[in-house]
Peer 1: 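Starting off with a structure, shown below.
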Amino acid sequence: MGETNSRSAASEEEKTAPVSRNFIEEMIDKDLAEGRYKEVCTRFPPEPNGYLHIGHAKSILLNYGIAKEYGGKFHLRFDDTNPTKEKNEFVESIERDVAWLGAKHDGPVLFASNYFDTMYEKAVLLIKKGLAYVSDLSADEIREYRGTLTEPGREDPSRNRSVEENLELFTEMKDGKFADGEKVLRAKIDMASSNINMRDPIIYRIAHLTHQNTGDKWCIYPMYDFAHPIEDAIEGVTHSLCTLEFEDHRPLYNWVVENTDWENPPRQIEFAKMYLNNVVTGKRYIKKLVQDGVVDGWDDPRLVSIAGLRRRGYTPESIKMFVELSGISKANSVSDPAMLEYCIREDLKMKRPRMMAVLHPLKLIIDNYPEGQTELLDADNNLENPELGKRQIPFERELYINEDDFMEKPVPKYKRLYPGNEVRLMHAYFVKCVGCDKDESGHVTAVHVTYDPETKAGTGFTGRKAKGTIHWVPAKEAFRATVRLYNPLIDPDKSVYNEDGSLNLNPNSVEIIDNAMLEPALKDAKAYDSFQFVRDGYYCVDCKDSKEGAPVFNRIVTLKSSFKLPKKQ
RNA sequence: UGGGCUAUCGCCAAAUGGUAAGGCAACGGACUCUGACUCCGUCAUUUGAAGGUUCGAAUCCUCCUAGCCCAGCCA
């Protein structure tokens, strides 16, 4: 980018959006300015042991965004150093989710397990330098020797083995001479360190298991603290971004990198995780919800898994907007889901058609409209975005409106239909309420109105104004559909967890409406298509339960509203 | 009670010693063929607390307080 060119663009931007740089960008700026690195390389390093959620999206988008911002590289690398927990199923779902979010990785998908040879060599190097040794201690003994937070640890009896003996033992470990847990390779650092991670951490353990990538080639596997810095170094990652709980590991990260001989060692920078208020992200909790059938799988629309958000109708753009709006810092924080909802409304506002759907149908009869007559009315798909075109809606004597839009005895400030009041039927005519039909129990079964032909939409009628506008669907052509209204999974009035560790579930987290009446144009909607249902909210076609010509709609989010109807008794 | 980190509006978050941005939420009002959108307005005399340095402190110093993380052969 040319200096002169970027200049005016920059000053333009400064006027409109004076965005400040986050602390990570500041550190990178400094590294670049000081010549520590020439270009930037970041990575997203998930362990393939579960599904991704909104918190991972922050990390993905942060790493990807930084790489793009600096014209650098972004890697997708599976941190598969522990075969007891990892499955191929997860590498597939993670790849899919990362791609869906729009974070395109440079180069092929990478695996830590591809570097097992190098890691082994580096471990041997450490042994040769006298910086690692094979320990005979059991897991329990190692814990005991480690000391506590306030007391220093004690030296491992194997700590001063000769280099030759260590080399021999480590080779035997690799060759499968020992059972799981029998030996372990430890880094020789400092058993008295106030940082427990530095008290001769284990860097290799024995596990006679088939690895999802390397099969039975190895029976020893490197630990995270040893493997991760080496993975970063091999790939030329410059800035290894991770979450706050790894801050204590940074000295070890640096120790590994310094002692395993790299030209351009990477640097670890930690940032705060994203939490959402009243939302569950814990794997074991979600697993239980799935097992108990509380939710419909890991992609249930009420979950904040990436798959769940996608199925619910959230877009990658909305998630990106949310992550950007939330910012990056080192302060533990809990974001408000209202911000996520704002983002999806904002993203869909101009992009999606605004359709008419009646969730709780009530018959509306236009007494002075000729029986048997139908006219096709033109309707803009999105009044604010003409590019979305128009559609035609049949209009006739009998329609459905929403139950909420009629009150025989209106509450104060009510501006919808009530006897004597005139409203506009969206895209159609003004109608005036002349009464209603009721059954024996007094329940309203139909509303009667008369229409004024002069008030047809699009004719420029300005003779008078209607207090309100309501939406409708034609009784004959509308089709019946299932619509699901989602609410928070967690009871919003309580904390997420009960004292016994169970979740405070909201018993009404989904409301299923199976007799909604939708305008005909919605009938051919395909999975993941989304719409605004006018005066209601944004909805997305469910990818699992919809059938050809019979879409099932999930509510993504409601529209905001400053008017609340009093509760019906 | 060892070490590491954090603390600025209900929620997120800027401010890098020069006199507390912005967004979300909320609340008024205008507009409206969506009670939406949009627009306009309100929303921290004060930065966890107390002292100190300075002409000047959210920023520096001292002491205190609260929260998070660490004792896996998990990542």
Side-chain angles (χ1 to χ4, degrees), chain A residues 17-22 26 45-47 49 79-82 84-86 135 137-139 142-144 146-153 180-186 193-199 201-207 221 223-225 227-228 242-251 270 272 274 277 322 324-343 345-346 349-350 354 356 379-380 383-384 413-416 423-428 430 455 457-458 465-471 532-537 558-565:
Chain A
V19 275
S20 51
R21 304 179 70 62
N22 66 49
E26 285 177 355
E47 181 184 23
N49 69 344
D79 210 356
D80 55 348
T81 57
N82 181 3
T84 63
K85 300 171 69 177
E86 294 145 11
S135 167
L137 257 31
S138 69
I142 286 190
R143 187 183 319 119
E144 217 180 292
R146 187 154 34 222
T148 69
L149 295 178
T150 51
E151 300 160 76
D180 291 5
E182 207 176 329
K183 304 275 184 214
V184 98
L185 185 71
R186 304 183 73 174
S193 173
S194 54
N195 181 347
I196 292 187
N197 296 303
M198 300 299 271
R199 319 240 261 230
I202 293 166
I203 60 179
Y204 258 97
R205 81 283 221 178
I206 300 170
Y221 293 95
M223 297 285 289
Y224 168 87
D225 282 311
H228 207 88
C242 64
T243 44
L244 250 28
E245 68 267 30
F246 292 102
E247 253 173 333
D248 287 342
H249 296 243
R250 191 179 346 124
E270 311 84 13
M274 163 179 291
N277 198 233
F322 176 61
E324 282 171 359
L325 247 35
S326 299
I328 304 294
S329 77
K330 292 190 72 161
N332 279 318
S333 58
V334 183
S335 292
D336 190 340
M339 187 123 77
L340 220 206
E341 295 183 343
Y342 163 80
C343 292
R345 286 189 197 106
E346 193 66 16
K349 185 167 65 192
M350 304 298 281
R354 301 172 180 182
M356 297 200 285
D380 282 287
L383 225 29
E384 293 182 289
K413 294 192 178 170
Y414 192 75
K415 53 189 204 189
R416 281 108 95 152
V423 302
R424 180 197 291 277
L425 291 177
M426 191 178 280
H427 305 302
F430 283 21
T455 59
K465 296 205 172 212
K467 288 192 190 85
T469 298
I470 65 173
H471 60 99
Q532 183 190 105
F533 287 181
V534 120
R535 301 208 304 134
D536 185 310
T558 61
L559 252 30
K560 284 182 51 158
S561 174
S562 58
F563 179 77
K564 291 276 180 281
L565 225 40

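Every chain is numbered from 1 and lettered A, B, ... according to where its sequence line falls, protein lines coming before strand lines.
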Peer 1: Going by the rule side-chain hydrogen bond (donor to acceptor under 3.5 Å, both in side chains), which residues pair with A:S138 if we only count those two or more places apart in sequence or in a different chain?
Peer 2: A:E141

Peer 1: Look at A:S329 and B:rA13 and indicate whether a side-chain polar atom (N or O) is within less than 4.0 Å of OP1 or OP2.
Peer 2: yes

Peer 1: Let's see if you can work this out: which of B:rG35, B:rU34, B:rG2 has an atom nearest to the side-chain heavy atoms of A:K415?
Peer 2: B:rG35

Peer 1: In whole Å, measure the gap between the P atoms of B:rA21 and B:rC9 for me.
Peer 2: 13 Å

Peer 1: Taking only N/O atoms, report every protein-nucleotides 64-66 of chain B pair under 3.5 Å with atom names and distance.
Peer 2:
none

Peer 1: Quick one: which of B:rA13, B:rA25, B:rG3 gets closest to the side chain of A:R345?
Peer 2: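 Taking heavy atoms from C-beta onward, the closest nucleotide is B:rA25.
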
Peer 1: Report which part of the nucleic acid A:H471 touches: base, sugar-phosphate, or nothing (heavy-atom distance under 4.0 Å, all strands).
Peer 2: nothing

Peer 1: Measure up the A:Y414 and A:F563 rings against each other and bin them: parallel (under 30°), tilted (30 to 60°), perpendicular (over 60°).
Peer 2: tilted

Peer 1: Suppose we screen for salt bridge (charged side-chain N to carboxylate O under 4.0 Å, His left out). Which residues come up paired with A:D380, at least two apart in sequence or across chains?
Peer 2: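 Counting only residues at least two positions away or on another chain, A:D380 forms a salt bridge (charged side-chain N to carboxylate O under 4.0 Å, His left out) with A:K390.
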
Peer 1: For the P atoms, the ones on B:rG67 and on B:rG35, what distance do you get once it is rounded to whole angstrom?
Peer 2: 47 Å

Peer 1: By the 4.0 Å heavy-atom rule, please label A:K564 as base, sugar-phosphate, or nothing.
Peer 2: nothing

Peer 1: Shortest non-hydrogen contact from A:M223 to A:I202?
Peer 2: CG-O, 3.3 Å

Peer 1: For A:R416, give me all partners under salt bridge (charged side-chain N to carboxylate O under 4.0 Å, His left out), at least two apart in sequence or on another chain.
Peer 2: A:D405

Peer 1: So which nucleotide from B:rA13, B:rU1, B:rC69 ends up closest to the side chain of A:T150?
Peer 2: B:rU1

Peer 1: Could you give the CG-to-P distance, from A:L244 to B:rA7, as a whole number of Å?
Peer 2: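 In whole Å, B:rA7 P lies 10 Å from A:L244 CG.
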
Peer 1: Just jot down the salt bridge (charged side-chain N to carboxylate O under 4.0 Å, His left out) partners of A:R424, sequence neighbours excluded, or say none.
Peer 2: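 A:R424: no salt bridge (charged side-chain N to carboxylate O under 4.0 Å, His left out) contacts found.
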
Peer 1: Is there any protein nitrogen or oxygen under 3.5 Å from a nitrogen or oxygen in nucleotides 38-43 of chain B, and what are the pairs?
Peer 2:
residue: B:rU38; atom: OP1; partner: A:K349; partner atom: NZ; Å: 3.2

Peer 1: Consider the side chain of A:S335, meaning its heavy atoms from C-beta on, and name the nucleotide among B:rC70, B:rC12, B:rA25 that approaches it most closely.
Peer 2: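 For the A:S335 side chain, the nearest candidate turns out to be B:rC12.
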
Peer 1: Could you report the tightest heavy-atom contact between A:I142 and A:S135, atom names first, then the distance?
Peer 2: CD1-OG, 4.2 Å

Peer 1: At 4.0 Å (heavy atoms only), tell me whether A:H427 reaches a base, stays on the sugar-phosphate, or touches nothing.
Peer 2: base

Peer 1: To check you understand the geometry: which heavy-atom pair defines the closest contact between A:G147 and A:R199, and what is its length?
Peer 2: C-NH2, 3.8 Å

Peer 1: Where do N or O atoms of nucleotides 71-73 of chain B meet protein N or O atoms at under 3.5 Å, pair by pair?
Peer 2:
residue: B:rA71; atom: O2'; partner: A:R146; partner atom: NE; Å: 3.2
residue: B:rG72; atom: OP2; partner: A:R143; partner atom: NE; Å: 3.4
residue: B:rG72; atom: OP2; partner: A:R146; partner atom: NH2; Å: 3.1
residue: B:rC73; atom: OP1; partner: A:R146; partner atom: NH2; Å: 3.3
residue: B:rC73; atom: OP2; partner: A:R146; partner atom: NH1; Å: 3.0
residue: B:rC73; atom: N4; partner: A:L137; partner atom: O; Å: 3.0
residue: B:rC73; atom: N4; partner: A:A139; partner atom: N; Å: 3.1
residue: B:rC73; atom: N4; partner: A:G181; partner atom: O; Å: 3.0

Peer 1: Check every strand shown and say whether A:L383 touches a base, only sugar-phosphate, or nothing at a heavy-atom separation below 4.0 Å.
Peer 2: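 Counting heavy atoms under 4.0 Å across all strands, the contact made by A:L383 is with sugar-phosphate only.
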
Peer 1: Could you tell me how far B:rG17 sits from B:rC61 if I compare only their C1' atoms? Round to whole Å.
Peer 2: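 To the nearest whole Å, 13 Å.
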
Peer 1: Assign A:F533 to base, sugar-phosphate, or nothing according to its heavy-atom contacts below 4.0 angstrom with the strands shown.
Peer 2: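 Touches nothing.
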
Peer 1: Heavy atoms only, 4.0 Å cut-off, all strands: where does A:E341 land among base, sugar-phosphate and nothing?
Peer 2: nothing

Peer 1: List in chain and number order the residues that pass side-chain hydrogen bond (donor to acceptor under 3.5 Å, both in side chains) with A:D248, two or more places apart in sequence or in another chain; answer none if no residue qualifies.
Peer 2: none

Peer 1: Can you tell me which nucleotide in B:rC68, B:rA75, B:rC24 comes closest to the side chain of A:N332?
Peer 2: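 Of B:rC68, B:rA75, B:rC24, B:rC68 is nearest to the side chain of A:N332.
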
Peer 1: What pair of heavy atoms forms the shortest contact from A:T81 to A:A227, and how long is it?
Peer 2: CG2-CB, 3.8 Å

Peer 1: Using a heavy-atom cut-off of 4.0 Å across all strands, would you classify A:F246 as base, sugar-phosphate, or nothing?
Peer 2: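 Here A:F246 touches the bases of the nucleic acid.
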
Peer 1: Name the closest nucleotide to the A:E47 side chain, picking from B:rA15, B:rU34, B:rC74.
Peer 2: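 Per side-chain heavy atoms of A:E47, the pick is B:rC74.
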
Peer 1: Name all residues meeting the ring pair (Phe, Tyr, Trp, His ring centres under 6.0 Å) criterion together with A:F430; count only those two or more places apart in sequence or in a different chain, and write none if there are none.
Peer 2: A:F461

Peer 1: By the side-chain hydrogen bond (donor to acceptor under 3.5 Å, both in side chains) test, which pairs, at least two apart or in different chains, include something from residues 330-339 of chain A?
Peer 2: A:E247-A:K330

Peer 1: Determine: side-chain N/O of A:S333 to OP1/OP2 of B:rA13, distance under 4.0 Å, yes or no.
Peer 2: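 So the side chain of A:S333 is within the cut-off, an N or O lying under 4.0 Å from OP1 or OP2 of B:rA13.
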
Peer 1: Can you measure A:L559 atom CG to B:rG35 atom P for me and round it to whole angstrom units?
Peer 2: 9 Å

Peer 1: If the cut-off is 4.0 Å, is A:K330 near the phosphate of B:rG4, judged by side-chain N/O to OP1 or OP2?
Peer 2: no

Peer 1: Using Watson-Crick and G-U wobble pairs with both distances under 3.5 Å, what is the 5'-to-3' dot-bracket string of RNA chain B, with [ ] for crossing pairs and | for pairs outside the strand?
Peer 2: .((((((..(((.....[...))).(((((.......))))).....(.(((..]....))).))))))).....

Peer 1: With syn defined as a glycosidic torsion within 90 degrees of 0 and anti otherwise, which applies to B:rG72?
Peer 2: syn

Peer 1: In whole Å, measure the gap between the P atoms of B:rC68 and B:rG41 for me.
Peer 2: 41 Å

Peer 1: Applying a 4.0 Å non-hydrogen cut-off, can you work out what A:K465 is touching in the nucleic acid: base, sugar-phosphate, or nothing?
Peer 2: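 Since only primed, P, OP1 and OP2 atoms lie under 4.0 Å of A:K465, the category is sugar-phosphate.
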
Peer 1: Between B:rG4 and B:rC43, how far apart are the two C1' atoms, rounded to whole Å?
Peer 2: 37 Å

Peer 1: Any side-chain N or O of A:R535 under 4.0 Å from OP1/OP2 of B:rG35?
Peer 2: yes

Peer 1: I'd like to check the side-chain contact (heavy atoms from CB on, under 4.5 Å) partners of A:M198; sequence neighbours left out, ordered by chain and number.
Peer 2: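 Listed in chain order: A:I189, A:S193, A:N195, A:P251, A:L252, A:W255.
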
Peer 1: Ignoring the backbone of A:K413, work out which of B:rG35, B:rG2, B:rC5 is nearest its side chain.
Peer 2: B:rG35

Peer 1: Quick one: is B:rC74 close enough that its OP1 or OP2 comes under 4.0 Å of any side-chain N or O from A:T84?
Peer 2: no

Peer 1: When all nucleic acid strands are considered with a 4.0 Å heavy-atom cut-off, which category describes A:G458: base, sugar-phosphate, or nothing?
Peer 2: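 Base: the residue A:G458, judged by heavy atoms under 4.0 Å, touches a nucleobase.
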
Peer 1: Report yes or no: is there a donor-acceptor pair, N or O only, under 3.5 Å between the side chain of A:N195 and the base of B:rG3?
Peer 2: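 For A:N195, whose side chain was compared with the base of B:rG3, there is no donor-acceptor pair (under 3.5 Å).
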
Peer 1: At under 4.0 Å, does any side-chain N or O of A:T81 touch on OP1 or OP2 of B:rA75?
Peer 2: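 Yes, such a contact exists.
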
Peer 1: Would A:Y224 count as stacking on B:rA75 if stacking means ring centres less than 5.5 angstrom apart and planes tilted under 30 degrees?
Peer 2: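 Taking the rule of under 5.5 Å and under 30°, the ring of A:Y224 does not stack on B:rA75.
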
Peer 1: Would you measure the distance from the P atom in B:rG48 across to the matching atom in B:rG29 and give it in whole Å?
Peer 2: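 Their P atoms lie roughly 35 Å apart.
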
Peer 1: Taking atom C1' in both B:rG10 and B:rG51, compute the distance separating them and give it to the nearest angstrom.
Peer 2: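 One C1' to the other, the span is 31 Å.
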
Peer 1: Taking the C1' atom in each of B:rU46 and B:rA14, what is the distance between them to the nearest angstrom?
Peer 2: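 Rounded to whole Å, the distance is 16 Å.
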
